[in-house]
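Worksheet for the structure shown next.
Both counts, for ligands and for their atoms, begin at 1 and track the order of listing.
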Amino acid sequence: MAKRWHLLTAIFAIVALLSACQPVQAPDAAGGEPEATEAAAVETTIPVVTLTVSDGRLEAPAEIPSGIVAVTVQGGDPENMPELAKLNDGVTMVQVNEALAQPDPMAALPLVTLLGSTGNSVDGQVIYDLAPGGYVAVYFPAEGPPQSTAISAGEPSGATAPVADVNVALVDFNFAMPDTISAGPHVWQIDNMGGQWHEMPILKLNEGVTVDDLIAMMAEAGPGGPEGPPPFEMVAFWSPMSAGQRALVTFDLPPGEYTVLCFLPDLNGDMSPHLAHGMVRTLTVE
Ligand SMILES: [Cu+2]
């Protein structure tokens with residue numbers, strides 16, 4: 001099959017935007033002093049926002065809470081999920097839609113802040129701490145133009161985020177994370193503490209394939225990346241996330257030895273994939 005494998009294709013391309021100038025998400029407005037008037041034992045349930053792909057069409061609610069929110073996707077392909085992004089200050093949906101209509105939808109990247117997402121979470125959810133304001137859900141169907149839906153985040157949910165037991169910091173250019181974790185479900189907290197965008201595919205390389213092989217294949221490929229069957233199995237995937245963003249997701253990885261790396265181009269530098277700058281490491285699940 002001619003499917004491109006390094007995921008820098010249109011889907012993630014949108015995302016590819018920019019990096020350098022992503023605003024850091026606003027400080028957690030909902031995280032201050034709890035309302036002390038009610039019984040402290042009452043915990044607010046995390047509201048669930050559902051993005052739906054039905055017959056190739058993206059649907060999303062127009063209004064959602066800000067603060068701690070779970071986002072889930074119904075329908076669609078785990079390897080081609082709708083992505084949620086925040087509109088950068090002053091950016092309008094008209095501008096985003098005009099950019100998405102360009103031959104290269106990468107044109108939308110400077111306009112938004114990518115939140116990152118996955119099709120591999122145990123519960124089908126990703127938890128974010130959303131600043132109030134305008135967001136866009138974007139979906140790149142297998143055929144036809146990109147689709148977008150405007151979403152406005154209003155009053156804080158008042159919910160509290162779960163406590164993570166695996167912490168990953170994405171930096172330029174590495175993953176600060178444990179070398180070894182136990183098998184079974186873990187709540188991962190993913191923070192992009194770098195200066196540009198990063199992603200986190202978790203791969204099982206095919207027998208005999210090395211990271212240097214991947215770097216060479218990407219260097220030889222044309223725009224859009226290598227074609228053909230990937231020389232690895234994608235065990236889990238965290239999609240491109242802008243600098244300053246945080247999310248929580250529950251992964252349940254089977255025991256094994258995995259390669260964690262970032263294929264995204266160095267937008268602030270020579271455009272070579274981050275793994276070529278050393279953004280690759282091994283994760284053992286036992
Ligand atoms: Cu990266």
Atom CD of residue position Gln102 - does it have more than 12 heavy atoms of other residues, nucleotides or ligands inside 6.0 Å?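 Above 12, so yes.
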
Can you list everything that forms a side-chain contact (heavy atoms from CB on, under 4.5 Å) with Ser117? Sequence neighbours excluded, please.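 Counting only residues at least two positions away or on another chain, Ser117 forms a side-chain contact (heavy atoms from CB on, under 4.5 Å) with Glu83, Tyr128, Ser239.
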
Near the Cu ion (ligand 1) (under 2.8 Å) - protein N, O or S atoms: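 Hits for the Cu ion (ligand 1) below 2.8 Å: His198 ND1, Cys262 SG, His274 ND1.
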
Under the side chain to side chain donor-acceptor pair (under 3.5 Å) test, residues paired with Asp191 that sit two or more places apart: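 Only Gln189, Arg246 meet the side chain to side chain donor-acceptor pair (under 3.5 Å) criterion with Asp191.
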
Hey, are Asp212 and Thr210 close enough side-chain-wise for a donor-acceptor pair under 3.5 Å?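 Side chains of Thr210 and Asp212: no pair found under 3.5 Å.
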
Could you list the donor-acceptor pairs under 3.5 angstrom formed by side chains in residues 159-182, with sequence neighbours left out?
| unit_1 | atom_1 | unit_2 | atom_2 | d |
| --- | --- | --- | --- | --- |
| Asp165 | OD1 | Val187 | N | 2.9 |
| Asp165 | OD2 | His186 | ND1 | 2.8 |
| Asp172 | OD1 | Gly195 | N | 3.1 |
| Asp172 | OD1 | His198 | NE2 | 2.6 |
| Asp172 | OD2 | Gly195 | N | 2.9 |
| Asp179 | OD1 | Arg281 | NH2 | 2.3 |
| Ser182 | OG | His186 | NE2 | 3.0 |

Rounded distance [0.5 Å steps], CD1 in Ile127 versus OG1 in Thr250: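 It is 6.5 Å, given to the nearest 0.5 Å.
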
